[in-house]
Amino acid sequence: MDKLTSGSNARGTLASCPTVPGARSAAPHAIANLRPFTWCSLAAVLLTTLACSSGGPVSAPEDPTKAIYAAPGGWSGGDGSKERPYDLKTALSATNPIRPGGTVWLRGGTYRVSATTSVLTGEDNAPITVRSMPGEQAVIDGAQAVGSTLTLNGAWTVYRDFEMTNSDARRSGPELNRASAIDVHGTNVKLVNLIIHDSGSGIGMGSDAVDAEAYGNIIYYNGMVRPDGARGPGIYTQNKTGVRRITDNVVFGQFGIGIQAYASDEGYLDDIQLEGNVVANNGITAGDFSILFGGHRIAQRPVLKDNYTYDSPGAGNNLGYEAGCDGLVMSNNYFSVSRGGYATQLVNCAGELRGNVLIGGTRGIVGKTIVPQSELAAQYSGNDFAAVSPTVTKTFVRPNRYAPGRAHVSVYNWEHTEEVRVDLSAAQLLPGAAFELRDVRNLSAGPIASGTYSGSTITIPLDGLAPAPVIGWQPTPPHTAPEFAVFLLTSGNVAPSTMSSLIAKLRGFVGL
């Protein structure tokens, strides 16, 4: 945290800056008070103005309605400035001065919090954003929380680019109630590019979270073991009004289900859209669904588009569960189960299936009648039903709409090679831009590949990848590489120089 220096107040004024010969004050208005003008006295004023206070350039104080700061060492008596930041609870409360269109900046470090509620409320086209400071990583630890670490009320807010975890080492027991990471109850709330791991569950979005969206989050190792079994989904959602969007998330290794859109006969599962998500090997104690979409009330107008799942072993994916679904649109998904359940079970579902690749067992259920894969393949001829794994490697690159140069890269390495070549053109990198590629199963291990993008393919190593440990649980589930792996691609947002672009293009042209 930036420290308040002697000679500056909370707003960074120059009350105690020294004077210089030929000037009454070294404050910014000193130039107007010069005695007989000389270039030397002017230079002295400018140099002293830059050097005084905190030792750097002096700028006007930030407008607290547009930007406030929180820090692990902040406190409720602060004013939200960099020098006197709030604690997290105060920064997310109704008492701070932030207004629609403003940003709550989270300074780097670990926030050890009890249950915390945000009531921040922006406006349409002017949301309030809560995010880590550039170049700093804010980590919110809910080990002291009960229920939910963050409860998000309010409206028109964006929470992005920080980490949620729970450092409590207890993962099993009859009385254990491990706090979930985030529960959303506000309208038009977006969760963007968060890292959520080792909590009781990841993201919860009920029907009161109207038009909420989870986008680009990496979610893993959430859950616990109770006497009645393992529990804890990566994302749990219901929806009644508006559209619920679950988009471009990576969800793996939960104790429970990966993405669970489930409701009793009193809940609703209407207009839920899953797009671009990568979901793999959930249910780490016994195997569970990657995607479960259904319950005891008919799911209306579900959309599953361009999702990618991998289970070895695992339960695979279930659409309909019991009551079924109506108006299903399922297109261009790539679902694979090599050991365990079904790439897709369609349970009492009616709708449109096109362009899907379904690897492993697939079946339908109508009432109590099982519809075998051969009949499904005849009914939905525009799809690829594959009983066994392919022999040709397949890769997918999903660019991030909130962060230029960021993408998720999924590799189905059916050829079991030690490395693969991947075309990153879909990530919209500029030739000459620096990039890093990290394994989502061990983000803190550093990049496994980095360099300057040449505009051609890059090589990704798949041999020897090791997963990060689970907090408070052994054994850590084994890595799925070399057969399957997912990577986080990041790149600087600053456009590269003309020279570096030319060099990168030349390297790509000549194959260097």
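- Although no hydrogens or angles enter the test, the distance criterion places no donor-acceptor pair under 3.5 Å between the side chain of Asp439 and the main chain of Ala485.
- Taken to the nearest 0.5 Å, the CD atom of Glu123 stands 10.5 Å off from the CZ atom of Arg99.
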Original post:
Going through the distances and angles, do Ile458 and Leu437 end up as a side-chain contact (heavy atoms from CB on, under 4.5 Å)?
Top reply: CA-CA 10 Å; Ile458 69 166; Leu437 200 73; 4.3 Å; yes
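- Inter-residue side-chain proximity for Val139 and Met164 is flagged as unmet; no heavy-atom pair is nearer than 4.5 Å.
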**OP:** Determine, step by step, whether Tyr453 and Leu429 satisfy the side-chain contact (heavy atoms from CB on, under 4.5 Å) criterion, reporting the C-alpha distance in whole Å, the side-chain angles of both residues, the deciding distance to 0.1 Å, and the verdict.
**Re:** CA-CA 7 Å; Tyr453 181 56; Leu429 295 183; 3.5 Å; yes
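- Side chains of Thr129 and Val104 form no contact here, defined as non-hydrogen atoms less than 4.5 Å apart.
- Although no hydrogens or angles enter the test, the distance criterion places a donor-acceptor pair under 3.5 Å between the side chain of Thr121 and the main chain of Val119.
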Original post:
Given the rule in the side chain to side chain donor-acceptor pair (under 3.5 Å) test, do Ser167 and Asp141 qualify, once you have shown the distances and angles that lead to the verdict?
Top reply: CA-CA 7 Å; Ser167 62; Asp141 184 349; 2.7 Å; yes
Original post:
Can Arg160 and Leu191 be said to form a side-chain contact (heavy atoms from CB on, under 4.5 Å), step by step?
Top reply: CA-CA 6 Å; Arg160 60 175 297 181; Leu191 308 179; over 6 Å; no
Original post:
Where do Arg401 and Glu213 land on the salt bridge (Lys or Arg N to Asp or Glu O under 4.0 Å) test, with the steps shown first?
Top reply: CA-CA 13 Å; Arg401 73 169 183 261; Glu213 180 178 22; 2.7 Å; yes
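- When all heavy atoms are compared, the tightest approach of Ala138 to Tyr111 is CB-CE1, 3.8 Å.
- In summary, of the residues considered (Thr247, Ile246, Val243), a side chain to side chain contact (heavy atoms under 4.5 Å, CB included) with Gln273 occurs for Val243 alone.
- Tyr215 has its side chain within reach of Asn400: a pair of non-hydrogen atoms, C-beta onward, lies under 4.5 Å apart.
- Contact check for Thr116 versus Leu92: side-chain heavy atoms found under the 4.5 Å cut-off.
- Of the possible polar contacts, none joining the Thr103 side chain to the Gly101 backbone as a donor-acceptor pair under 3.5 Å is found.
- A donor-acceptor contact shorter than 3.5 Å links the side chain of Asn96 to the backbone of Ser93.
- Of all heavy-atom pairs between Ile68 and Pro97, the closest is CG2-CG, 4.1 Å.
- Screening residues 173-199 for ring-ring contact (aromatic ring centres under 6.0 Å, His included), with sequence neighbours left out, gives His197-Tyr220.
- Rounded to the nearest 0.5 Å, atoms OG (Ser201) and CD1 (Ile257) are 12.0 Å apart.
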**OP:** Apply side-chain contact (heavy atoms from CB on, under 4.5 Å) to Phe487 and Val411, showing your working.
**Re:** CA-CA 8 Å; Phe487 303 93; Val411 178; 4.1 Å; yes
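- No hydrogens or angles considered: a donor-acceptor pair under 3.5 Å links the side chains of Asn249 and Asn217.
- Side-chain contact between Ile235 and Ile219 is present, with at least one heavy-atom pair separated by less than 4.5 Å.
- At distances below 3.5 Å, at least one donor-acceptor pair connects side-chain atoms of Arg438 with backbone N or O atoms of Leu443.
- Side-chain rings of Trp473 and Phe255 approach one another, their centers coming within less than 6.0 Å.
- Between the CG atom of Asn282 and the OG atom of Ser290 there is a distance of 5.0 Å, given to the nearest 0.5 Å.
- The closest donor-acceptor contact from the side chain of Asp198 to the backbone of Asn222 lies at 3.5 Å or more, if one exists at all.
- A heavy-atom distance below 4.5 Å is found between the side chains of Ile182 and Leu152.
- Scanning both residues, Asp161 and Ser132, for their nearest heavy atoms gives O-OG, 2.8 Å.
- Taking OG1 of Thr285 as the reference point, atom CE of Met224 lies at 12.5 Å (rounded to 0.5 Å).
- Annotation: Tyr69 is not in aromatic contact with Tyr86 [ring centroid separation under 6.0 Å not met].
- We find the CG-CD1 distance between Asn307 and Ile259 to be 6.5 Å, quoted to the nearest 0.5 Å.
- Two residues are said to be in side-chain contact when any heavy atoms from C-beta on lie closer than 4.5 Å; Ile218 and Ile196 fail this criterion.
- Using a 4.0 Å cut-off between charged nitrogen and carboxylate oxygen, Glu83 and Arg107 do not count as a salt-bridge pair.
- The stretch residues 235-245 participates, sequence neighbours left out, in these side-chain hydrogen bond (donor to acceptor under 3.5 Å, both in side chains) pairs: Tyr236-Gln238, Thr237-Arg244, Asn239-Arg244.
- Between the side chain of His408 and the backbone N or O of Leu489 there is no donor-acceptor pair closer than 3.5 Å.
- Although no hydrogens or angles enter the test, the distance criterion places no donor-acceptor pair under 3.5 Å between the side chain of Arg170 and the main chain of Gly472.
- If you take CG on Asn277 and CD1 on Ile291, they are separated by 6.5 Å, rounding to the nearest 0.5 Å.
- When atom types are taken as modelled, the side chain of Ser180 and the backbone of Gly147 share a donor-acceptor pair closer than 3.5 angstrom.
- Of the N and O atoms on the side chains of His479 and Asn442, not one donor lies less than 3.5 Å from an acceptor on the other residue.
- Cation-pi geometry between Arg297 and Tyr268 is met: the NZ or CZ atom falls under 6.0 Å from the ring centre, inside 45° of the normal.
- Looking only at distances, no side-chain donor or acceptor of Arg131 sits under 3.5 Å from a matching main-chain atom of Val192.
- Minimum heavy-atom separation, Pro399 to Ala407: CA-CB, 3.9 Å.
- For Lys89, the NZ atom sits in a packed shell: over 12 heavy atoms of surrounding residues, nucleotides or ligands are nearer than 6.0 Å.
- Closest heavy-atom contact between Glu436 and Ser450: CG-CB, 4.1 Å.
- The shortest non-hydrogen separation linking Ala179 to Val146 is CB-N, 4.4 Å.
- The residues Arg171 and Asp168 are annotated as not salt-bridged, no charged nitrogen and carboxylate oxygen being separated by less than 4.0 angstrom.
- Contact of the Thr476 side chain with the Tyr221 side chain is registered, since non-hydrogen atoms from C-beta on lie closer than 4.5 Å.
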